[in-house]
Amino acid sequence: MKKVIVTGGAGFIGSHTCVELAAAGYEPIIVDDLRNSQERAVHGIARIIGRMPRWHLVDCTDEAAMERVFAQEGHVHGVMHFAAHKSVPGSVDDPVEYYRNNIRSMVVVVRTMQRHEVRRIVFSSSCTVYGEPAVLPVSEAQPDRNATSPYGFTKVACEQLLRDVSASPAGRELRSVLLRYFNPVGAHPSAHIGELPLGVPNNLVPFVTQAAAGLRPAVTVFGDDYGTPDGSCIRDYIHVVDLARAHVAALDWMEPRPAPLCEVFNIGTGVGHSVLEVLRTFTEATGVDVPFMVGPRRKGDVPVVYADTRKSSAVLGWTSGLTLRDALRDAWRWQCSLKEEVVQ
Ligand code: NAD
Ligand code: WQD
């Protein structure tokens, strides 16, 4: 089986990607120091794929430790690099830590790949690189250095690092795919893995499921006075299982193509939903009411973003198949599986 190193593989998106890699016949090798995840995710993956995945409790910014991982694993087909901090407000509070972890982990991963002649990488980028797009839906051709937070700029920088490496003599044989995720939500339908936000969730869907479970107070809708049909913000919510499959599609797609290769794709559904629609769809999908109230706008929120998915569908041959309703049903199943154990 072809080994794929999955940094951040115990996290929300990484864990689902390990499952899809295994389903496609790859062997995922997790590298995660559990700074924002728990070992239960690795056991959850094991329950779904029927065996314990190989995994290393390692900080990806530790070059000597990463060297040992690659040396121990022998021939590695490719890397999927998820390991990063991801909170927008967290990055405003402590930008140095975001630049340190997100950029250093990328530098160490790429350097270690070079030493071991590993020549395929899929990188977790984000629609945050577009900032507030001038044209909707937002395509890959639009300006992509318009991040509005230190977190966003770490994605801009890591994307550029991969482009620069591809253009360098050492990158002649490198194939890289940069996936710009829109809003990943949901959980595996088995409810063995899902999103495990530590502390109060920043993101809408985990807050909704925790509020519906009675673990949080009412959801605050951040503004209903935007220029959208119902006044609340619009986003492109992509089911995490579809997103995970996009990673496998990217790895398969790059295989026969000539190197160097550095290609970027939007990964979304192409459809926008408002915050109020999310609340309504959650109740339709689960039969559970979510307490909510309308509050002021959240600083930094872009009113509307959704993806132009024509490139990922035409070139990568990937499209999303699951709906917002599927995602909210699966997120709720996952929340129910956590029962009372929470998350201070
Ligand atoms: P997550 O926090 O659930 O997963 C990240 C994982 O990386 C965690 O398990 C964490 O412990 C690990 N990690 C972080 N730094 C590490 C380090 N130095 N060494 C080892 N492990 C480390 O986040 P996620 O939602 O799964 O996001 C995965 C990636 O996707 C991130 O790069 C994130 O920026 C990107 N992304 C996420 C979203 C989103 O909304 N969730 C959207 C766009 C892009
Ligand atoms: C979604 C919508 C809020 C919480 C973030 C990052 C982005 C990317 C995805 C990593 C917005 C509204 C939210 C709440 C609300 N991550 N909301 N009440 O801000 O679109 O994107 O995650 O790359 O970079 O910025 O996601 O889930 O926080 O918000 O009304 O309690 O829900 O205003 O319109 P966002 P989100």
Side-chain angles (χ1 to χ4, degrees), residues 6-17 30-39 41-42 56-62 65-66 80-89 91 97-98 100-102 104-106 108-109 123-131 147-149 151-152 154-155 158 179-185 193-198 200-208 210-211 216-224 226 228 232-238 240 243-244 247 267-268 272-276 278-279 292-305:
V6 184
T7 74
F12 173 42
I13 305 167
S15 59
H16 290 80
T17 303
I30 297 169
V31 179
D32 201 306
D33 65 1
L34 304 182
R35 72 181 62 196
N36 197 39
S37 50
Q38 294 178 0
E39 195 171 341
V42 182
H56 302 263
L57 183 66
V58 159
D59 177 347
C60 300
T61 66
D62 179 342
M66 286 298 278
M80 299 207 171
H81 181 46
F82 295 92
H85 292 311
K86 65 164 176 176
S87 157
V88 169
S91 77
E97 173 55 22
Y98 271 66
R100 193 198 66 76
N101 191 44
N102 294 8
R104 183 163 170 76
S105 63
M106 175 56 110
V108 167
V109 163
F123 171 61
S124 300
S125 191
S126 168
C127 67
T128 198
V129 300
Y130 297 118
T148 53
S149 69
Y151 164 74
T154 69
K155 294 297 175 191
C158 288
L179 299 182
R180 292 181 182 155
Y181 317 156
F182 280 65
N183 285 59
V185 291
I193 52 174
E195 189 166 7
L196 201 64
L198 305 176
V200 181
N202 289 315
N203 296 113
L204 178 64
V205 170
F207 201 101
V208 166
Q210 292 190 11
R216 301 279 173 211
V219 175
T220 302
V221 176
F222 294 143
D224 69 349
Y226 288 96
T228 57
S232 63
C233 289
I234 292 179
R235 296 288 181 275
D236 186 338
Y237 296 95
I238 170 87
V240 65
L243 172 57
H247 291 75
I267 302 296
H273 293 282
S274 73
V275 177
L276 291 168
V278 169
L279 294 170
F292 74 90
M293 57 194 221
V294 175
R297 293 180 176 194
R298 182 171 68 177
K299 194 166 166 286
D301 271 342
V302 171
V304 185
V305 192

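Order of appearance sets the numbers: ligands from 1, and atoms from 1 within every ligand.
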What protein heavy atom sits nearest atom 24 (O) of ligand 2, and how far away is it? Thr128 CB, 3.3 Å
Starting at OG of Ser149, measure out to OH of Tyr98 and round the result to the nearest 0.5 Å. 9.0 Å
Determine whether a donor-acceptor pair (N or O, by modelled atom type, separation under 3.5 Å) exists between the side chain of Arg104 and the backbone of Thr61. yes
Value rounded to 0.5 Å, distance of CG in Leu243 from OG in Ser124: 8.0 Å
Once rounded to the nearest 0.5 Å, what's the spacing between atom CG of Asn203 and atom CG of Asn183? 7.5 Å
CZ/Phe12 to CD/Glu195 distance, rounded to the nearest 0.5 angstrom? 4.0 Å
Between Thr128 and Tyr151, is a side chain to side chain contact (heavy atoms under 4.5 Å, CB included) present by the stated rule, with each step listed? CA-CA 9 Å; Thr128 198; Tyr151 164 74; 3.9 Å; yes
Which of the numbered atoms in ligand 2 are below 4.0 angstrom from a heavy atom of Val88? 6 (C), 25 (O)
Just need the protein heavy atom nearest to atom 12 (C) of ligand 2, so name the residue and atom and give the distance. Val275 CG2, 3.7 Å
Face-on cation placement of Arg235 at Phe182 ring, 6.0 Å and 45° thresholds: no
Is it true that a side-chain atom of Lys155 and a backbone atom of Ala147 form a donor plus acceptor pair closer than 3.5 Å? no
Where the closest heavy atom to atom 33 (C) of ligand 1 is concerned, which of Tyr151, Tyr181, Phe182 has it? Tyr151
Look at atom 2 (O) of ligand 1 and say which protein heavy atom is nearest, naming residue and atom and giving the distance to 0.1 Å. Asn36 ND2, 2.7 Å
Yes or no: does Pro184 have any heavy atom under 4.0 Å from an atom of ligand 1? yes
Which of the numbered atoms in ligand 2 are under 4.0 angstrom from any heavy atom belonging to Asn203? 5 (C), 22 (O), 26 (O), 27 (O), 28 (O), 36 (P)
With atoms numbered from 1 as shown, which atoms in ligand 1 lie under 4.0 angstrom from a non-hydrogen atom of Cys60? 17 (C), 18 (N), 19 (N), 20 (C)
Within a distance under 4.0 Å of any heavy atom of Ala10, pick out the atoms of ligand 1 and give their elements. 9 (O)
Given Pro197, Gly11, Ala84, Gly8, which one has a non-hydrogen atom that is nearest to atom 14 (C) of ligand 1? Ala84
So if I count the atoms of ligand 1 from 1 in the order they appear, which ones are less than 4.0 Å from some heavy atom of Ser126? 43 (C), 44 (C)
Quick note on ligand 2: atoms under 4.0 Å from a heavy atom of Asn202 include exactly 4 (C), 28 (O)
Between Asp33 and Arg35, is there a donor-acceptor pair closer than 3.5 Å when you use the side chain of the first and the backbone of the second? yes
Given that the side chain starts at C-beta and the backbone is N, CA, C, O, which of these parts of Asn102 lies under 4.0 Å from ligand 1, counting heavy atoms, or is it both or neither? neither
Looking at CG of Leu279 and OG of Ser232, how far apart are the two atoms once the value is rounded to the nearest 0.5 Å? 8.0 Å
Go through ligand 2 atom by atom and flag the ones less than 4.0 Å from a non-hydrogen atom of Cys233. 34 (O)
Please identify which atoms of ligand 1 are closer than 4.0 Å to at least one heavy atom of Leu34. 11 (O)
Decide whether an N or O pair under 3.5 Å exists between Phe82 and ligand 1. yes
Going through the checks in order, is the side chain to side chain contact (heavy atoms under 4.5 Å, CB included) test met by Phe123 and His81? CA-CA 5 Å; Phe123 171 61; His81 181 46; 3.9 Å; yes
Mind checking the CG-CD spacing from Leu34 to Glu39? Nearest 0.5 Å is all I need. 6.5 Å
Polar-atom distance check: Thr220 versus ligand 2, any N or O pair below 3.5 Å? yes
Any idea which atoms of ligand 2 are less than 4.0 Å away from a heavy-atom of Val221? 30 (O)
Which segment of Cys127 sits under 4.0 Å of ligand 1 when only heavy atoms are counted: neither
Part of Asn183 with heavy atoms under 4.0 Å of ligand 2, whether side chain, backbone, both or neither: side chain
With atoms numbered from 1 as shown, which atoms in ligand 1 lie under 4.0 angstrom from a non-hydrogen atom of Ser125? 43 (C), 44 (C)
shortest atom 11 (C) of ligand 2-to-protein heavy-atom contact is with Arg235 NH2, 3.9 Å
Protein contact to atom 13 (N) of ligand 1 [nearest heavy atom, distance to 0.1 Å]: Ala83 CB, 3.9 Å
Could you check whether any heavy atom of Leu196 sits closer than 4.0 Å to an atom of ligand 1, since that is the contact criterion I want to use? no
If we only count N/O pairs under 3.5 Å, is His85 in contact with ligand 1? no
Heteroatom proximity flag, Val219 to ligand 2, N/O under 3.5 Å: no
Which bit of Leu204 gets closer than 4.0 Å to ligand 2, counting heavy atoms only: side chain, backbone, both or neither? both
Taking only non-hydrogen atoms of Val58 and a 4.0 Å limit, the atoms of ligand 1 in range are 19 (N), 20 (C)
For atom 17 (N) of ligand 2, tell me which residue out of Tyr237, Tyr226, Phe222, Tyr151 has the closest non-hydrogen atom. Phe222
Given the rule in the side chain to side chain contact (heavy atoms under 4.5 Å, CB included) test, do Ile234 and Ser274 qualify, once you have shown the distances and angles that lead to the verdict? CA-CA 4 Å; Ile234 292 179; Ser274 73; 4.0 Å; yes
Does ligand 1 have a heavy atom under 4.0 Å from the side chain of Glu195, from its backbone, from both, or from neither? neither
Of all the non-hydrogen atoms in the protein, which one sits nearest to atom 19 (O) of ligand 2, and at what distance? Arg298 NH2, 2.8 Å
For atom 16 (C) of ligand 1, which candidate among Arg180, Arg35, Lys86 holds the nearest heavy atom? Arg35
Consider every N or O of Asp32 and every N or O of ligand 1, then say whether any pair is closer than 3.5 Å. yes
Ser124 heavy atoms, cut-off 4.0 Å: which ligand 1 atoms fall inside? 29 (C), 30 (O), 32 (O), 35 (C)
Go through Ser91 and His85 one step at a time and tell me if the side chain to side chain contact (heavy atoms under 4.5 Å, CB included) criterion holds. CA-CA 8 Å; Ser91 77; His85 292 311; over 6 Å; no
Taking the six-membered ring for Trp, are His16 and Phe82 closer than 6.0 Å centroid to centroid? no
Where does Asn203 meet ligand 1, judged by heavy-atom distances below 4.0 Å: at the side chain, the backbone, both, or neither? neither
Any idea which atoms of ligand 2 are less than 4.0 Å away from a heavy-atom of Asp301? 3 (C), 19 (O), 33 (O)
Using a strict 4.0 Å cut-off to heavy atoms of Ser37, name the atoms of ligand 1 that fall inside it. 8 (C), 9 (O), 11 (O)
